[in-house]
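Below: the structure, in structure tokens.
Residue numbering restarts at 1 for every chain, and letters A, B, ... go by the order of the sequence lines. Predicted model only: the values in this text are computed from it and were never measured. Worth knowing before you read on, the calculation uses all heavy atoms, side chains too, and leaves out hydrogens, waters and symmetry mates.
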There are 2 protein chains.
Amino acid sequence: MLSKKTQYAFHALIHLAENVDKGPILISEIAKEKNISIKFLENILLELKNAGILGSKKGKGGGYYLMRAPKEIALARIIRLLDGPIALLPCVSLNYYERCENCKDEAVCGLHDVMSRVRDASLKILENKTLKDLVTKS
Amino acid sequence: MLSKKTQYAFHALIHLAENVDKGPILISEIAKEKNISIKFLENILLELKNAGILGSKKGKGGGYYLMRAPKEIALARIIRLLDGPIALLPCVSLNYYERCENCKDEAVCGLHDVMSRVRDASLKILENKTLKDLVTKS
DNA sequence: ATATAGTCTACCTTTTATGTAGGATTTGTG
DNA sequence: CACAAATCCTACATAAAAGGTAGACTATAT
């Protein structure tokens with residue numbers, strides 16, 4: 001399961017994508033609209049900003065906005081940023097690989113094979129779907 | 001990611017499946033073979049037993065053994081038992097569904113759609129692959 | 001009897017998740 | 001310039017989950 005942090009991030013990003021033409025959006029507006037604790041959301045948006053996904057503007061008329069077009073932001077990137085590996089096992093992760101300590105040889109591990117397939121199936125979707133695909137408002 | 005608990009369970013089950021003809025297997029043997037803390041493994045095997053996946057025999061010559069043939073035990077079942085939902089979001093889980101608190105209507109939520117697809121892609125593999133597919137020993 | 005091996009209950013430690021509090025800083029506007 | 005509106009940033013709080021340990025109890029084969 002995705003953490004609450006990542007879930008909230010997705011909802012916030014959807015809101016930003018749906019209002020991409022309205023300039024900076026207030027944290028408080030997103031929090032209210034999506035029913036998220038404002039202070040927790042603050043941390044999340046900051047993290048997205050530090051990763052270069054969002055930009056922000058301080059002071060009156062300020063808020064957060066997307067740094068790129070929604071179609072440029074793959075869902076996998078958000079998950080990896082906030083939740084880490086998408087794979088079910090560390091020994092099968094592309095971006096956060098760790099050697100398996102329980103099997104003697106990963107090359108002949110049946111678990112390794114199956115979990116690689118699950119990873120590939122998930123990534124095929126998460127790498128190709130973007131924020132734009134999450135927006136339903138016309 | 002799967003929890004350590006589930007990862008250990010898979011490795012233990014693989015060992016049991018590979019030695020299915022040798023009668024009950026000692027916890028200590030599995031722990032040693034797979035490099036798992038014996039006491040932690042004890043808890044895990046007990047949980048698998050209470051779920052009807054394993055049987056056990058006490059006393060000398062005792063140990064744990066599979067209650068069904070390896071090909072009868074789907075990987076999804078193990079994950080659900082020890083880790084809970086396979087889906088990435090609660091609102092998309094088949095077995096542990098919870099309503100989404102951040103969107104007004106799941107039916108028109110783009111996130112819901114994408115995550116359902118990821119779930120289906122994962123389940124297609126995890127429901128059809130069994131313990132037997134994890135065994136590599138001849 | 002006795003040693004073996006699982007059963008059960010309770011506890012412990014560390015990390016992660018999920019926030020909360022509040023002051024510092026930047027910026028637009030009158 | 002003063003002020004209010006926002007984000008920025010650091011630190012803390014709290015609870016749950018993960019991961020593991022300890023030890024007494026019970027059943028069984030020999």
(request) Send over the distance from A:Lys60 NZ to C:dG30 P, rounded to a whole Å. (result) 7 Å
(request) Classify the side-chain pair B:His11/B:Glu33 by whether it contains a donor and acceptor separated by less than 3.5 Å. (result) no
(request) Kindly check if the number of other-residue, nucleotide or ligand heavy atoms within 6.0 Å of CD (B:Glu127) is above 12? (result) yes
(request) To the nearest Å, give me how far apart CD (B:Glu42) and P (C:dA10) are. (result) 16 Å
(request) Describe the nucleic acid contact of B:Leu45 in one word from base, sugar-phosphate, nothing, applying a heavy-atom distance below 4.0 Å. (result) nothing
(message) If you assign B:Ser3 and A:Lys58 each to the DNA chain D nucleotide with the nearest heavy atom, which residue ends up on the more 5' nucleotide?
(response) A:Lys58
(message) For a quick check, tell me whether the side chain of A:Lys57 and the base of C:dG28 share a donor-acceptor pair closer than 3.5 Å.
(response) no
(message) Within the structure provided, determine whether B:Leu46 and B:Asn43 are in side-chain contact (heavy-atom separation under 4.5 Å).
(response) no
(message) Looking at B:Tyr8, I'd like to know whether one of its side-chain N or O atoms comes within less than 4.0 Å of OP1 or OP2 on D:dG20.
(response) yes
(request) Round to a whole Å and report the spacing from NZ of A:Lys49 to P of C:dT26. (result) 11 Å
(request) Identify, between A:Thr6 and A:Gly61, the residue whose nearest nucleotide on DNA chain C lies closer to the 5' end. (result) A:Thr6
(request) Ignoring backbone atoms, test whether A:Ser37 places a side-chain nitrogen or oxygen under 4.0 Å from the OP1 or OP2 oxygen of C:dT20. (result) yes
(request) Could you state the atom-to-atom distance from NZ of A:Lys39 to C1' of D:dT7 in whole Å? (result) 9 Å
(message) Between the side chains of A:Lys32 and A:Glu29, is the shortest nitrogen-to-carboxylate-oxygen separation below 4.0 Å, so that they form an ion pair?
(response) no
(request) Would you indicate, yes or no, if D:dG20 has its OP1 or OP2 atom less than 4.0 angstrom from a side-chain nitrogen or oxygen of B:Lys4? (result) no
(message) In this structure, how many angstroms lie between the P atom of C:dA10 and the CG atom of B:Leu46, rounded?
(response) 15 Å
(request) Measure the distance from CE on B:Met1 to P on C:dA17 and round it to the nearest whole Å. (result) 11 Å
(message) Expressed as a whole number of angstroms, how long is the span from A:Asn43:CG to D:dC12:P?
(response) 15 Å
(request) Can you figure out which of D:dA29, C:dT20, D:dT7 approaches the side chain of A:Ile27 most closely? (result) D:dT7
(message) Between B:Glu47 and B:Lys5, does any NZ, NE, NH1 or NH2 come within less than 4.0 Å of an OD or OE carboxylate oxygen?
(response) yes
(request) Would you mind reading off the distance between A:Phe40 atom CZ and C:dT20 atom C1', rounded to a whole angstrom? (result) 11 Å
